[in-house]
> 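I have a structure I would like to understand better, so I am pasting it below and will then ask my questions one at a time.
Along the sequence shown, the residues carry numbers beginning at 1.
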Amino acid sequence: MKRIIPILFCCLVALAACQKKNAPLFRGDYSFKTSGSVVLDEIVADGETGDSFTVSLPNEIGQLEISDLDNGKDSVLVVMNTMGGEVVVTHAFCKDNEIFLRDFKKNTLLFTGDSLTLKNDLRVKASGQMYEDNTLILNMVYEGEAETNDRSFKIYGDDIRMAAIRN
């Protein structure tokens with residue numbers, strides 16, 4: 001019995017030393033919904049005035065998976081699978097109850113009040129926090145450009161939120 005206690009203690013210390021500090025908090029499968037709005041500013045020649053639109057993003061729903069990477073740090077792999085849309089893969093860094101995603105590209109469809117439909121490539125910056133160990137809220141910033149047949153727009157939005165709940 002005296003030999004078992006030191007062996008058990010050594011095993012527990014070894015297991016604690018191998019675990020990543022912050023990444024396990026985020027690891028798992030989530031269902032998500034993204035919403036928000038962006039501003040479209042028409043790109044025009046100098047001296048001209050272009051149109052500006054505030055456009056609500058279509059609500060996106062899908063699955064989010066966060067997995068540990070085997071590099072011994074608090075890095076994770078984030079896979080976002082939007083229903084009826086694309087799959088986005090990026091890396092992230094976890095610190096305490098916060099997660100910081102590496103910038104990634106994304107496609108989305110925007111509809112304006114003038115029946116203008118834009119498909120575009122956006123650059124997305126995102127970071128967020130974990131609440132109550134099962135709800136992840138990501139704050140996102142979208143930046144990019146879009147074109148139609150005869151018009152070009154700069155896109156910017158910093159009030160985009162993704163709410164993800166662990167399955």
> Filter on salt bridge (charged side-chain N to carboxylate O under 4.0 Å, His left out), then keep only pairs touching residues 157-167, sequence neighbours left out; what's left?
none
> Closest heavy-atom contact between Ser35 and Asn59?
CB-OD1, 3.2 Å
> Which heavy-atom pair separates Tyr30 from Leu136 by the least distance, and what is that distance?
CE2-CB, 4.3 Å
> Output, in order, the C-alpha distance, side-chain angles, deciding distance and verdict of side chain to side chain contact (heavy atoms under 4.5 Å, CB included) for Ile99 and Val76.
CA-CA 9 Å; Ile99 187 167; Val76 293; 4.0 Å; yes
> Rounded to the nearest 0.5 Å, what separates atom CG in Leu101 from atom CG in Leu138?
6.0 Å
> Using the side chain to side chain contact (heavy atoms under 4.5 Å, CB included) rule, take Arg123 and Phe104 through it: C-alpha gap first, then chi angles, then the decisive distance, then the call.
CA-CA 6 Å; Arg123 289 175 303 286; Phe104 58 92; over 6 Å; no
> For Gln63, enumerate each residue passing the side-chain contact (heavy atoms from CB on, under 4.5 Å) test, keeping only those at least two apart in sequence or located in another chain.
Ser31, Asn167
> Which donor-acceptor pairs under 3.5 Å do the side chains of residues 78-89 make with protein atoms, sequence neighbours left out?
unit_1	atom_1	unit_2	atom_2	d
Glu86	OE1	Asn107	ND2	3.3
Glu86	OE2	Asn107	N	2.6

> For Ile61, does the CD1 atom sit with more than 12 other heavy atoms under 6.0 Å from it, leaving out its own atoms?
no
> Should Arg27 and Asp68 be marked as a salt bridge (charged side-chain N to carboxylate O under 4.0 Å, His left out) after you check the CA-CA gap, both sets of side-chain angles, and the distance that decides it?
CA-CA 7 Å; Arg27 185 180 50 226; Asp68 290 337; 2.4 Å; yes
> State which residues pass salt bridge (charged side-chain N to carboxylate O under 4.0 Å, His left out) with Lys33; sequence neighbours excluded, sorted by chain then number.
none
> How close do Gly157 and Val38 get, counting heavy atoms only, and between which atoms?
CA-CG1, 3.9 Å
> Find the distance between CE (Met140) and CG (Leu57) and round it off to the nearest 0.5 Å.
10.5 Å
> With sequence neighbours left out, write down each residue that passes salt bridge (charged side-chain N to carboxylate O under 4.0 Å, His left out) with Lys154, or none if nothing qualifies.
Glu145
> Would you give the length of the straight line joining atom CZ of Phe32 to atom CD1 of Ile137, rounded to the nearest 0.5 angstrom?
13.0 Å
> I'd like to know whether Ile160 forms a side chain to side chain contact (heavy atoms under 4.5 Å, CB included) with Thr34, so could you lay out the CA-CA distance, the side-chain angles of the two residues, the decisive distance to 0.1 Å, and finally the verdict.
CA-CA 7 Å; Ile160 297 114; Thr34 303; 3.7 Å; yes
> Measure the spacing between CG of Leu25 and CG of Asn97 and express it to the nearest 0.5 Å.
7.0 Å
> Run the side chain to side chain contact (heavy atoms under 4.5 Å, CB included) test on Val124 and Asp103 for me, step by step, so that the C-alpha distance in whole Å, both residues' side-chain angles and the decisive distance to 0.1 Å come before the verdict.
CA-CA 6 Å; Val124 180; Asp103 293 358; over 6 Å; no
> Less than 3.5 Å apart, which donor and acceptor atoms pair up between the side chains of residues 126-135 and the rest of the protein, not counting sequence neighbours?
unit_1	atom_1	unit_2	atom_2	d
Gln129	OE1	Tyr131	OH	2.8

> Please tabulate, one pair per line, all N/O donor-acceptor pairs under 3.5 Å involving side-chain atoms of residues 39-46, not counting sequence neighbours.
unit_1	atom_1	unit_2	atom_2	d
Asp41	OD1	Ser52	OG	2.7
Glu42	OE1	Asp51	N	3.0
Glu42	OE2	Arg151	NE	3.2

